[in-house]
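A short worksheet on the structure shown next.
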Amino acid sequence: MGKSLDPQLRAALASRIRYYNDLGIYDFYRRPGQTMEAASVGAEHATLPVVISSPAKSAVTESTSKVPVATLHTIREDIGECTRCRLHKLGRKQIVFGVGNPRAQLMFIGEAPGADEDEQGEPFVGRAGQLLNNMITNGMGLRREDVYIANIIKCRPPNNRTPERDECETCSPFLMRQIEVIRPKVIVALGSIAAKTLLAINASMSELRGRWYEFRGTKLAVTYHPAFLLRDPRQKKAAWKDLQMVMKELGLPIPARNTD
Ligand code: URA
């Protein structure tokens, strides 16, 4: 079976199947008219049994309803010692997966790990992280361990440069899977890279913040990145407004307070 399949096509199909596996999609269905070779090539590479049947539905539509309930642990395992983009050879020390309550109602998404995060393997542990902690605890009355914190990409870009578009595209499917598992009620995108990557909108922060977006069935708000707030503390007032909007949505009491 599959002996006559062109080796290049075989490799391309195998790579496509690995990509779908990374997205958490494991079942594939043969469309009427599709050759058995094309349908069966994935069997060697799929991590779960491949189901070959012949409904006339698109493979993706059909299989997403059958995605096994993944856990964050499975997703971390799927990432492995990732070499999918150039960052693995540009000085990354470790993958920074994400941290917090797997059942959090609130999820913060930043841009990329910095030096401290790369060192410790946890997002937002440096100066920007201290301010984020402050926003979560003193601002919102929550604990860091109540929420979930992750980044668009999981490896530190050299010299903290802005992540390249292809790095975001390669890495963000894992974040999408984390979101799917956690199913937060609200996502807060921290800064323009997170906002623009998630929403696929090219707009300034002042245009992006202060309103709700629908993101894959979840409400999403945008606010300033804590590192930006450290550079321009005058914007803390606006960030506090954004957090209040989020707190209202989550039914959290809003104290009368200052913005530090
Ligand atoms: N900045 C980010 O965007 N993420 C981190 O984890 C740390 C700093």
Side-chain angles (χ1 to χ4, degrees), residues 72 75-76 79 82 85-88 90-102 104 106-137 139-140 142-179 182 184 186-201 203-205 208-209 215 220-233 235-236 238-239 242-243 246:
L72 293 174
I75 301 168
R76 179 63 190 88
I79 296 174
C82 190
C85 85
R86 64 183 78 74
L87 292 178
H88 77 281
L90 295 181
R92 147 199 109 188
K93 287 196 178 130
Q94 55 185 316
I95 288 161
V96 178
F97 180 69
V99 72
N101 183 351
L106 175 59
M107 183 164 178
F108 288 96
I109 301 178
E111 179 178 321
D116 295 307
E117 291 75 22
D118 186 47
E119 199 66 54
Q120 297 183 41
E122 186 172 323
F124 284 99
V125 290
R127 277 190 71 222
Q130 279 169 19
L131 178 54
L132 179 62
N133 289 347
N134 200 3
M135 289 156 73
I136 294 168
T137 54
M140 306 184 86
L142 297 169
R143 297 168 309 165
R144 180 174 162 103
E145 53 272 33
D146 293 329
V147 304
Y148 195 90
I149 307 172
N151 284 306
I152 295 289
I153 64 168
K154 299 192 175 349
C155 294
R156 182 192 181 199
N159 304 314
N160 299 338
R161 68 150 164 76
T162 303
E164 305 279 352
R165 194 192 174 125
D166 64 320
E167 292 160 0
C168 294
E169 281 171 1
T170 305
C171 201
S172 58
F174 295 106
L175 174 65
M176 299 311 134
R177 285 178 65 191
Q178 286 170 282
I179 295 170
I182 297 163
V186 170
I187 293 172
V188 176
L190 297 168
S192 68
I193 295 292
K196 288 181 195 173
T197 306
L198 294 172
L199 297 170
I201 298 177
S204 69
M205 273 303 289
L208 287 167
R209 56 161 294 277
F215 178 76
L220 185 147
V222 175
T223 194
Y224 291 112
H225 193 289
F228 172 77
L229 295 175
L230 288 172
R231 293 195 299 275
D232 187 355
Q235 303 305 328
K236 282 185 179 177
D242 298 331
L243 294 185
V246 169

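Just follow the structure's listing: the first ligand is 1, and inside any ligand the first atom is 1. Please read all numbers here as calculations on a predicted model, not as lab measurements.
For the pair Asp146 (side chain) and Arg143 (backbone), a donor-acceptor distance under 3.5 Å is present. At distances below 3.5 Å, not a single donor-acceptor pair connects side-chain atoms of Asp242 with backbone N or O atoms of Thr223.
Atoms of ligand 1 lying under 4.0 Å from any heavy atom of Pro123, numbered from 1 in the order shown and given with element: 6 (O). Close approach of ligand 1 to Glu111 is summarised as follows: ligand atoms under 4.0 Å from at least one heavy atom of the residue are 2 (C), 3 (O). Close contacts of ligand 1 with His225, meaning ligand atoms under 4.0 Å from a residue heavy atom, involve 1 (N), 2 (C), 3 (O). Atoms of ligand 1 lying under 4.0 Å from any heavy atom of Gly110, numbered from 1 in the order shown and given with element: 3 (O).
Contact annotation: for Glu117 versus ligand 1, heavy atoms closer than 4.0 Å belong to the side chain alone. Counting heavy atoms under 4.0 Å from ligand 1, residue Ala194 does not touch it at all.
Other residues, nucleotides and ligands place more than 12 heavy atoms under 6.0 Å from the CZ atom of Arg161.
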Would you check, one step at a time, whether the test ring pair (Phe, Tyr, Trp, His ring centres under 6.0 Å) holds for Phe108 with His225?
CA-CA 10 Å; Phe108 288 96; His225 193 289; over 10 Å; no

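The closest non-hydrogen atom to atom 2 (C) of ligand 1, taken over Ala112, Ala150, Gly129, Gly98, comes from Ala112.
Taking atom 4 (N) of ligand 1 as the reference point, the nearest protein heavy-atom neighbour is Asn151 OD1, 2.8 Å.
In this structure, Lys154 satisfies the cation-pi test against Phe97, with its NZ or CZ atom closer than 6.0 Å to the six-membered ring centre and inside 45 degrees of the ring normal.
A salt bridge between Arg127 and Asp116 is absent, with no side-chain N of the basic residue lying under 4.0 Å from a carboxylate O of the acidic one. Taking 4.0 Å as the cut-off between side-chain N and carboxylate O, Glu167 and Arg86 count as a salt-bridged pair.
Shortest non-hydrogen contact noted between Ile187 and Phe215 is CD1-CD2, 3.8 Å.
Remark: distances from the non-hydrogen atoms of Glu122 to ligand 1 are all 4.0 Å or more.
Polar contact with ligand 1: absent for Pro113 (N/O pair, distance under 3.5 Å). At under 3.5 Å, not a single nitrogen or oxygen of Gly114, backbone or side chain, sits near a nitrogen or oxygen of ligand 1.
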